[in-house]
**Student:** 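Encoded as structure tokens, here's the structure I'll be asking about.
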There are 2 protein chains.
Amino acid sequence: MASKKKTTIKDIANVLGITPSAVSKALNNHPRISDKTKAAVLQIAKNLNYQPNHLASALRKGKSNLVGVIIPKANSHFFSSIIEKIEEVLNDKGYNVIIAQSNESYNKECKSIDALLYTQVDGIIASMANETVKLDYYEKIKSKGIPLILFDRGENDLNVDYVGIDDYLSSHVVIDHLVKQGCKRIAHIAGFSHTRIYKNRIRGYRDALEKFSLPIEESLIIESNLGIEDGRKIMTQLLKLKNRPDAIYAAGDYAALGALQVMQEQHIHVPKDIALVGFTNEPFTSLVTPSITSVDQHSTQIGKVAAETLLKRMDSPNEKVTLNKLILPAELIIRSSSKKNQL
Amino acid sequence: MASKKKTTIKDIANVLGITPSAVSKALNNHPRISDKTKAAVLQIAKNLNYQPNHLASALRKGKSNLVGVIIPKANSHFFSSIIEKIEEVLNDKGYNVIIAQSNESYNKECKSIDALLYTQVDGIIASMANETVKLDYYEKIKSKGIPLILFDRGENDLNVDYVGIDDYLSSHVVIDHLVKQGCKRIAHIAGFSHTRIYKNRIRGYRDALEKFSLPIEESLIIESNLGIEDGRKIMTQLLKLKNRPDAIYAAGDYAALGALQVMQEQHIHVPKDIALVGFTNEPFTSLVTPSITSVDQHSTQIGKVAAETLLKRMDSPNEKVTLNKLILPAELIIRSSSKKNQL
DNA sequence: TATTTTTGTTCAAACGTTGAAACAAATATA
DNA sequence: TATATTTGTTTCAACGTTTGAACAAAAATA
């Protein structure tokens with residue numbers, strides 16, 4: 001109950017009759033400290049239940065061993081598994097991870113960045129909020145010389161390392177698959193084209209259609225925030241067209257789910273009447289009936305590469321290593337919602 | 001490009017020809033510093049782009065202004081919205097939040113606790129992993145005198161503040177509702193009874209049945225991890241009974257979803273043949289067809305109370321305030337999956 | 001044996017901030 | 001006018017650790 005003072009390096013030194021400095025060196029396994037002393041120090045440290053004061057050493061060394069991760073929202077499998085992997089890699093190297101959610105809001109994102117800078121993180125890994133168009137706060141990170149890695153939602157203009165998948169190519173793979181299933185009027189529930197990844201998916205969609213000499217109809221390309229509600233709204237809208245699409249390619253799984261619900265409510269058979277493909281391979285896609293075909297982004301791979309790249313940057317901050325744009329391949333997971341051929 | 005030295009309080013002092021101490025006091029709005037000096041300091045601080053060194057002040061003040069939050073898994077709406085609220089409340093008071101995921105693993109939980117202690121957090125808010133039965137690491141937190149608040153998954157034995165809902169009562173509300181719908185054989189897909197909250201839900205379920213003089217059949221109470229897979233497995237098992245239940249009360253929404261899938265695959269009508277109620281009111285419950293009746297735990301309320309209680313504890317660490325067991329009321333959200341009467 | 005090298009430790013300053021105590025100047029009170 | 005009080009600032013030590021330089025003792029080399 002009595003609030004005991006914390007044991008410090010000094011206490012250990014007193015017990016052994018040596019200087020705090022020697023203790024510090026012993027704990028850090030300094031080569032010039034004798035094995036005997038090291039053993040003794042370790043023993044006493046254990047006895048006194050010594051916990052190093054991270055704040056003090058961080059101050060002295062000018063390094064906090066903290067890394068910040070900014071994500072739009074943790075409640076998706078994609079982001080939460082990336083975080084899991086980032087933590088795993090970084091913890092291994094003695095770093096701790098601070099997670100901040102922007103909730104897709106630019107303001108919250110700025111606040112989070114300030115908070116991380118204030119906490120003196122040694123590096124930041126971030127995926128930008130949907131809303132974000134101004135890059136001033138990210139510039140702030142750069143100007144402070146803190147290593148920054150972007151993933152998924154990135155920005156070319158920032159000129160920093162980036163890890164993500166090939167969105168343009170992914171759209172091609174999706175369209176290839178749908179065309180192979182016999183679809184000819186493929187609609188695209190798109191993300192906002194001011195975000196690079198969604199822009200690329202749209203571009204890929206257009207180019208792929210062109211590749212197959214399919215007409216591109218602007219009324220079949222609708223931008224949205226890709227939430228369930230938007231998926232529902234847009235699907236309803238699409239079904240009102242005199243000339244309905246025979247396939248839906250949604251740039252997000254939640255939008256795909258919304259679309260699926262509307263179709264089921266209107267007794268449209270998926271995939272027979274309209275095929276459906278989503279994006280990000282959220283776990284629920286395999287659990288819904290019919291299961292939804294989706295593009296897997298290899299989230300743990302992204303997390304791993306992002307963390308490892310950051311480690312490299314933090315180890316050699318001044319090194320003018322060439323910029324890394326790491327584009328990992330995505331994978332189409334084909335499920336019931338798009339298998340027309342097998343019906 | 002040239003890595004500039006960071007501006008410190010000393011630099012400001014030099015510019016103005018005063019002492020660092022005066023600058024510090026000015027920045028902290030000390031009453032004895034003249035308004036003129038304060039204004040000047042603020043001006044120069046802005047000019048030099050001064051950012052306070054959090055590490056130094058934390059060391060000096062023995063307070064990091066960091067709070068750790070441990071959750072089993074961020075990818076549920078329940079936890080991610082609690083975190084959102086906790087962040088909101090604590091950021092307001094100048095605290096930053098470090099989130100750690102245990103991934104439902106005892107080992108990872110211990111590691112997270114060590115990491116938080118190492119980072120010198122001023123307080124911890126936690127919800128325990130399913131796996132956790134040994135409380136040694138939580139005792140460690142307590143023994144260091146760091147305020148600890150538990151929520152949702154708590155433990156009475158620990159003797160710390162707790163925020164959660166009334167699980168026992170919630171079960172009563174669920175059973176009341178189902179009985180009112182005419183159900184007589186209600187099965188319970190339960191959580192593991194070694195976790196307090198699930199034990200209470202089971203107890204509530206039993207007592208409520210008894211209240212209505214309904215027989216309690218042990219074969220209708222099955223413990224599980226409440227994942228989708230478990231929900232499927234158990235539902236399949238329940239459907240094999242010669243005497244099928246006419247209602248399912250699952251202690252988690254994912255398990256309820258699994259059960260729903262199995263029923264739909266076997267062309268059992270929900271709720272006509274079998275009614276279904278879940279727990280935690282995940283967003284998907286309202287989006288699935290039929291929508292699933294579920295118990296809402298008022299997550300933002302829980303987050304708010306947890307954060308506020310922690311603030312109180314951190315403000316007066318030695319105060320022998322009586323222990324708070326805050327039990328918030330839960331709310332049954334009635335949806336299609338249990339509305340037999342209206343068919 | 002004298003000299004150099006190696007080994008193990010101590011010394012002292014530093015990291016940037018804070019806060020109690022000391023102090024001088026200005027203002028209020030008697 | 002003398003004394004007490006208030007105001008605004010400085011002084012100085014401290015928070016716990018790290019690190020380069022200094023040093024003495026031991027070991028290796030000449």
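Order of the sequence lines sets the chain letters (A, B, ...), proteins ahead of strands, with each chain counted from 1. These figures come from a predicted structure and were not determined experimentally.
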**Student:** Between B:R313, B:K325, B:K142, which is the residue that forms a salt bridge (charged side-chain N to carboxylate O under 4.0 Å, His left out) with B:D161?
**Tutor:** B:R313

**Student:** Rounded to whole angstroms, how far apart are CG on A:N29 and C1' on C:dG8?
**Tutor:** 14 Å

**Student:** Rounded at 0.5 Å granularity, tell me how far CG in B:N75 sits from OG in A:S81.
**Tutor:** 8.5 Å

**Student:** Indicate the ring-plane relationship of B:Y118 and A:H54, choosing parallel, tilted or perpendicular according to the 30° and 60° boundaries.
**Tutor:** tilted

**Student:** Tell me, please, which residues at least two apart from A:N14 pass side chain to side chain contact (heavy atoms under 4.5 Å, CB included).
**Tutor:** none

**Student:** Let me know the distance between NZ of B:K10 and C1' of C:dC15, rounded to the nearest Å.
**Tutor:** 10 Å

**Student:** Spell out, as yes or no, whether a donor-acceptor pair under 3.5 Å connects the side chain of A:D11 to the backbone of A:T8.
**Tutor:** yes

**Student:** Rounded off to whole Å, could you give me the NE2-to-P distance for the B:H54 and C:dT17 pair?
**Tutor:** 12 Å

**Student:** With heavy atoms of chain B within less than 4.0 Å as the criterion, where does contact along DNA chain D begin and end?
**Tutor:** D:dT7 to D:dG16

**Student:** State the CG-CD1 distance between A:N324 and A:I149, to the nearest 0.5 angstrom.
**Tutor:** 7.5 Å

**Student:** Counting any heavy atom closer than 4.0 Å, what does B:L55 reach on the DNA or RNA strands: base, sugar-phosphate only, or nothing?
**Tutor:** nothing

**Student:** Let me have a per-nucleotide readout for nucleotides 19-29 of chain C, 5' to 3', with B, S or -, counting only protein heavy atoms under 4.0 Å.
**Tutor:** BB---------

**Student:** To the nearest Å, give me how far apart CG (B:L27) and P (C:dG16) are.
**Tutor:** 15 Å

**Student:** Between C:dG16 atom C1' and B:Y50 atom OH, what is the distance in whole Å?
**Tutor:** 8 Å

**Student:** Looking at side-chain heavy atoms only, is the closest gap between B:Q51 and A:L117 below 4.5 Å?
**Tutor:** no

**Student:** Once you round to the nearest 0.5 Å, how far does NZ of A:K73 lie from CD of B:E84?
**Tutor:** 3.5 Å

